[in-house]
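Take this structure first; my questions come after.
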2 protein chains.
Amino acid sequence: MIIRLDMQSDLPIYTQLMNQIIEGIASGELKPGEDLPSVRSLASDIGVNLHTINKAYTLLKQEGFIQIHRQKGVVVNPEGMPGITPEYEQKQTEQLRPMIAEAICRSVDKEHLLQIVESLYDDILHGEKENA
Amino acid sequence: MIIRLDMQSDLPIYTQLMNQIIEGIASGELKPGEDLPSVRSLASDIGVNLHTINKAYTLLKQEGFIQIHRQKGVVVNPEGMPGITPEYEQKQTEQLRPMIAEAICRSVDKEHLLQIVESLYDDILHGEKENA
DNA sequence: CATCTGTTATATTTGTAGTATAACAGATGG
DNA sequence: CCATCTGTTATACTACAAATATAACAGATG
């Protein structure tokens, strides 16, 4: 899996990493049980510190996306993904609400917004099998 | 307009402010041409520093939601809201993408997700005319 | 036993958020 | 005419998060 980091982004590196791994799982590129690189090798691959990788992995583990085994390494959670928890629903609402409010201000009508969400949904599902 | 700040939130105060003002405009509670409090009065009202308010106002002005007149004060942009710019579309996609990816991981099916977005859209439009 | 895994502990640098003061510039109203 | 209101700018400071740099520890593996 190819990781792309934007050092100019306002998003922290560990957040970008989490996002890309989650999208990798969503697209099917990363399957449950599949190995992820060790904190050290991934760190040297993409040129960041070991602790930055570790932070992303630790958070992904806390949310149930991956498992971390002491000496074996890191794997996509073989028992499947976390479900729809109340905390998740709350976080989702808190994140969506300001975005939708801005869309309304900018005269994005409901159908248009739904189309945007729908096409992004399909986009992610079909995955980036073709990497530019 | 009632401003609610969550000092425990991971969102900066000025971001929470921006979000609430934008939602106020989206819901119709704040109308184009309507006055907003001065940086000083709002700062003392909600108990934060003048510069924190100023930062939120300055950013809202940059994006076209409000106008700031040197001696008159701050008003919701009387010329209407900013439209759908390419920069906005890009920002929107960058924000939506990771959220949708996580939803897919958590087995939120497309129809369910669309319903969530739709009901939030309606929620914001109907506004919080009844404030608890 | 060297080597790989994650883990933990410190320390340092850098940037952002937020506060605290203070002063400036232009407009307004008494 | 002057006090008072606007936003604006500048400086300094505290607090915290992000990221790095090293180093060491613990358990498993070949």
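Just so it is clear, the values below take in all heavy atoms, side chains as well, and ignore hydrogens, waters and symmetry mates. The sequence lines fix the lettering, A, B, ..., with proteins before strands; numbering per chain opens at 1.
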| query | Within the pair B/Tyr14 and C/dA17, is there a side-chain N or O less than 4.0 Å away from OP1 or OP2? | reply |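 Indeed, a polar side-chain atom of B/Tyr14 lies that close.
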| message | Show me the pairs that pass side chain to side chain donor-acceptor pair (under 3.5 Å) and involve residues 11-20 of chain A, at least two apart or across chains. | response |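 Qualifying pairs: none.
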| query | Under a criterion of less than 4.0 angstrom to any heavy atom of chain B, what are the 5'-terminal and 3'-terminal contacting nucleotides of DNA chain D? | reply |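 Range of nucleotides touched by chain B: D/dT6 to D/dA10.
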| message | Tell me every residue that passes side chain to side chain contact (heavy atoms under 4.5 Å, CB included) with A/Gln62, counting only those two or more places apart in sequence or in another chain. | response |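 A/Gln62 satisfies side chain to side chain contact (heavy atoms under 4.5 Å, CB included) with A/Thr58, A/Leu59 only.
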| request: Quick one: closest heavy-atom pair of B/Ala101 and A/Ala26, and the distance? | output: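 B/Ala101 and A/Ala26 have their closest heavy atoms at O-CB, 3.4 Å.
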| What residues form a side chain to side chain donor-acceptor pair (under 3.5 Å) with B/Ser41, not counting sequence neighbours? |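 B/Ser41: side chain to side chain donor-acceptor pair (under 3.5 Å) contacts with B/Ser38.
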Indicate every side-chain donor-acceptor pair of residues 66-76 of chain A with a distance under 3.5 Å to a residue at least two apart or in another chain.
from, atom 1, to, atom 2, distance (Å)
A/Gln67, OE1, A/His69, NE2, 3.4
A/Gln67, NE2, A/Asn77, OD1, 3.4

| Contacts of A/Lys61 that satisfy side chain to side chain donor-acceptor pair (under 3.5 Å) - sequence neighbours left out |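 A/Lys61 satisfies side chain to side chain donor-acceptor pair (under 3.5 Å) with no other residue.
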| Quick one: B/Ile53 CD1 to C/dA17 C1', roughly how many Å, whole number? |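 It is 13 Å, rounded to the nearest whole Å.
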| field | Test applied, side-chain hydrogen bond (donor to acceptor under 3.5 Å, both in side chains); reference residue, A/Glu94; option that passes from A/Lys91, A/Arg97, A/Gln90, A/Gln92 | value |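 Testing A/Glu94 for a side-chain hydrogen bond (donor to acceptor under 3.5 Å, both in side chains) against A/Lys91, A/Arg97, A/Gln90, A/Gln92 leaves exactly one candidate, A/Gln90.
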| message | Restricting to side chain to side chain contact (heavy atoms under 4.5 Å, CB included), what partner residues turn up for B/Thr85, sequence neighbours left out? | response |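 Side chain to side chain contact (heavy atoms under 4.5 Å, CB included) check on B/Thr85 returns A/Arg106, B/Glu87, B/Tyr88.
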| task | Rounded to the nearest angstrom, tell me the gap between atom CE in A/Met7 and atom P in C/dT14. | result |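 Atom-to-atom, A/Met7 to C/dT14, this comes out as 16 Å.
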| said: If you take any heavy atom closer than 4.0 Å to DNA chain C, which residues from residues 57-73 of chain B end up in contact? | reply: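 Correct list: B/Gln71.
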| query | Does A/Glu118 have any salt bridge (charged side-chain N to carboxylate O under 4.0 Å, His left out) partners at least two apart in sequence or in another chain, and if so, which? | reply |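 Salt bridge (charged side-chain N to carboxylate O under 4.0 Å, His left out) check on A/Glu118 returns B/Lys110.
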| message | Suppose we screen for side chain to side chain contact (heavy atoms under 4.5 Å, CB included). Which residues come up paired with B/Glu89, at least two apart in sequence or across chains? | response |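 By the side chain to side chain contact (heavy atoms under 4.5 Å, CB included) rule, B/Glu89 matches B/Ile84.
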| task | Taking side chain to side chain contact (heavy atoms under 4.5 Å, CB included) as the test, write out the residues that go with B/His51, two or more places apart. | result |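 Side chain to side chain contact (heavy atoms under 4.5 Å, CB included) check on B/His51 returns B/Asn49.
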| request: Stems involving DNA chain D: give each as a range paired with a range, ordered by first number, where a stem means at least three consecutive Watson-Crick or G-U wobble pairs under 3.5 Å. | output: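 Paired runs of 3+ in DNA chain D: C:1-30 with D:1-30.
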| task | Specify the residue among B/Leu36 and A/Thr15 whose closest nucleotide of DNA chain D lies further upstream toward the 5′ end. | result |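 Checking each residue's closest nucleotide, the 5'-ward one belongs to B/Leu36.
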| query | Tell me: NE2 of B/His51 to C1' of C/dG18, nearest whole Å? | reply |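 So the NE2-C1' distance, B/His51 to C/dG18, works out to 10 Å.
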